[in-house]
Amino acid sequence: MKTATETIQAIHWLDDKLVILDQTKLPHKEVFVELHTTGQVWEAIKQLKVRGAPAIGIVGAYGFYLGIKNAVETDIESFIKHSQGVCDFLNSSRPTAVNLSWSLNRLMNVVRTHQGGDVGERKQQVLEEAINIHQQDRETCKSIGENGGSLFKESTRVLTHCNTGGLATGEFGTALSCITHAHQKGFVENVWVDETRPLLQGARLTTWELQKAGVPHSLIVDSAAGFLMKQGKVDMVIVGADRITKNGDTANKIGTYTLSVLARENNIPFYVAAPRSTIDMDLENGGQIEIELRGEAEVTAFNDNPSSPEGTRAFNPAFDITPHQNISAIITEKGIVYPDYEKNFSEIFGT
Ligand code: MRU
């Protein structure tokens, strides 16, 4: 058993303001920025200063409070209308991760249905609920780590994609929480970290987190994954999720689907780790998930340095869909869910 290491908390609610670690500056600079308005929160989400599905949900919740706390409306109906506007605005920042709308809906329920209380009291209840969402995510991620950690055996070589650690959540992470948990038990021989083009969440962020946690890891280019699998150097793949539909289809960072096909071809278990808040029981299958398209410049240049001839066109989907058939199991805070996902989600979550 290894000693516990420092965990990452990138989101803080301090003295009525939101403070986040600006992930665009990592790994070279650890810069915390204050966000005072809903507009600033929207920008921070859009520009990936804060990113990762659960983290977007948490920050969105605080952003919602920032947008309603000074609302001038005094009657409940006008206040609900104002709140809905704030909710819709924040929801427009990034479409794929369902955690954002999940959080905002939770807060809109408080605004709409909280028994009694004037507008001032409801504002206070919204803040309390945002703090709950944040705190619950930390507990959830801890449980995901414990559940997923049980899948590791001695000397496991695990491959992961994008960043799913404390940076992407309230603390601990999802897929990365499973890995760090298994590491505590001495079960991790090596983590293969996909660099995760185009924005390098793996190279910049996952390596930074694993280094802090003292977990052995090697960075690889995304296209090396198949070669390593074929050579027998990967025992399992664990990734996070941005939205999982009723049937288990999973939207996650672009390149995840490719990994799932490679894992299947090489008989390697492929796990998705995610909280209940990432499961969208309103959607039947992955074909219904909106995939965020980001700017061409993220592909044609890096850090404003062009990496292709001027005028090159690019196509930049931020996520892809892994079909449920390619997923061995989904690790949640309530336990490990195996196919049939729809039936087993209902059983485990009672939805
Ligand atoms: O574009 P990003 O960096 O927000 O994409 C993040 C991912 O795809 C993560 O794998 C996912 O949100 C899970 S984070 C626990």
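In this text, all values refer to a predicted model and were calculated from it rather than measured experimentally. Just so you know, ligand 1 is whichever comes first in the structure, and atom 1 is the first atom listed for that ligand. In this chain, residues are counted from 1 in sequence order.
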*Which is it for Gln201 and ligand 1 at heavy atoms under 4.0 Å: side chain, backbone, both or neither?*
side chain
*asked:* Hydrophobic cluster membership, with links at side-chain heavy-atom distances under 4.5 Å among I/L/V/M/F/W/Y: are Phe345 and Tyr338 in one?
replied: no
*Output, in order, the C-alpha distance, side-chain angles, deciding distance and verdict of salt bridge (charged side-chain N to carboxylate O under 4.0 Å, His left out) for Arg197 and Asp222.*
CA-CA 7 Å; Arg197 279 283 291 151; Asp222 298 337; over 6 Å; no
*Is Asp16 salt-bridged to Lys69, going by a charged N under 4.0 Å from an acidic O?*
yes
*Quick one: do Glu292 and Arg51 make a salt bridge, cutoff under 4.0 Å?*
no
*Answer yes or no: is there an ion pair linking Glu333 with Arg276, defined by an N-O contact shorter than 4.0 Å?*
no
_Under 4.0 Å, counting heavy atoms only: does Arg94 come that close to any atom of ligand 1?_
yes
*Of Thr160, Val272, Asp242, which has the heavy atom at the shortest distance from atom 7 (C) of ligand 1?*
Asp242
_Under 4.5 Å side-chain heavy-atom separation, chaining through any Ile, Leu, Val, Met, Phe, Trp or Tyr, what else clusters with Leu48? Say none if it is isolated._
Leu199
*Can you tell me the protein heavy atom closest to atom 3 (O) of ligand 1 and the distance?*
Arg51 NE, 2.4 Å
*Can you sort out which atoms of ligand 1 are near Ala168, meaning under 4.0 Å from one of its heavy atoms?*
14 (S), 15 (C)
*Considering the heavy atoms of Phe319, write down every atom of ligand 1 situated less than 4.0 Å from one of them.*
1 (O), 5 (O), 8 (O)
*In ligand 1, which numbered atoms sit nearer than 4.0 Å to a non-hydrogen atom of Asn252?*
7 (C), 8 (O), 9 (C), 10 (O), 11 (C)
_Residue Thr174 vicinity, atoms of ligand 1 by number, heavy atom under 4.0 Å_ = 15 (C)
*Close approach, Ala318 and ligand 1, non-hydrogen under 4.0 angstrom*: no
_Checking side-chain polar atoms at under 3.5 Å, does Asn132 have a donor or acceptor matched by the opposite partner on Glu128?_
no
*Check each heavy atom of Ala53 against ligand 1 and say whether those closer than 4.0 Å belong to the side chain, the backbone, both or neither.*
both
*Chi angles and distances behind the ring-ring contact (aromatic ring centres under 6.0 Å, His included) call for Tyr62, His134*: CA-CA 9 Å; Tyr62 288 125; His134 190 175; 5.6 Å; yes
*Which ligand 1 atoms, with their elements, are less than 4.0 angstrom from a heavy-atom of Gly52?*
4 (O), 12 (O), 14 (S)
*At what distance is the nearest protein heavy atom to atom 13 (C) of ligand 1, and which residue and atom is it?*
Ala241 O, 3.4 Å
_Beyond-backbone contact of Leu107 with Cys87, side-chain heavy atoms, under 4.5 angstrom_ = no
_What protein heavy atom lies closest to atom 5 (O) of ligand 1? Include the residue and the distance to one decimal._
Lys253 CE, 3.3 Å
*Say whether Pro54 and ligand 1 are in contact under the criterion: heavy-atom distance to a ligand atom below 4.0 Å.*
yes
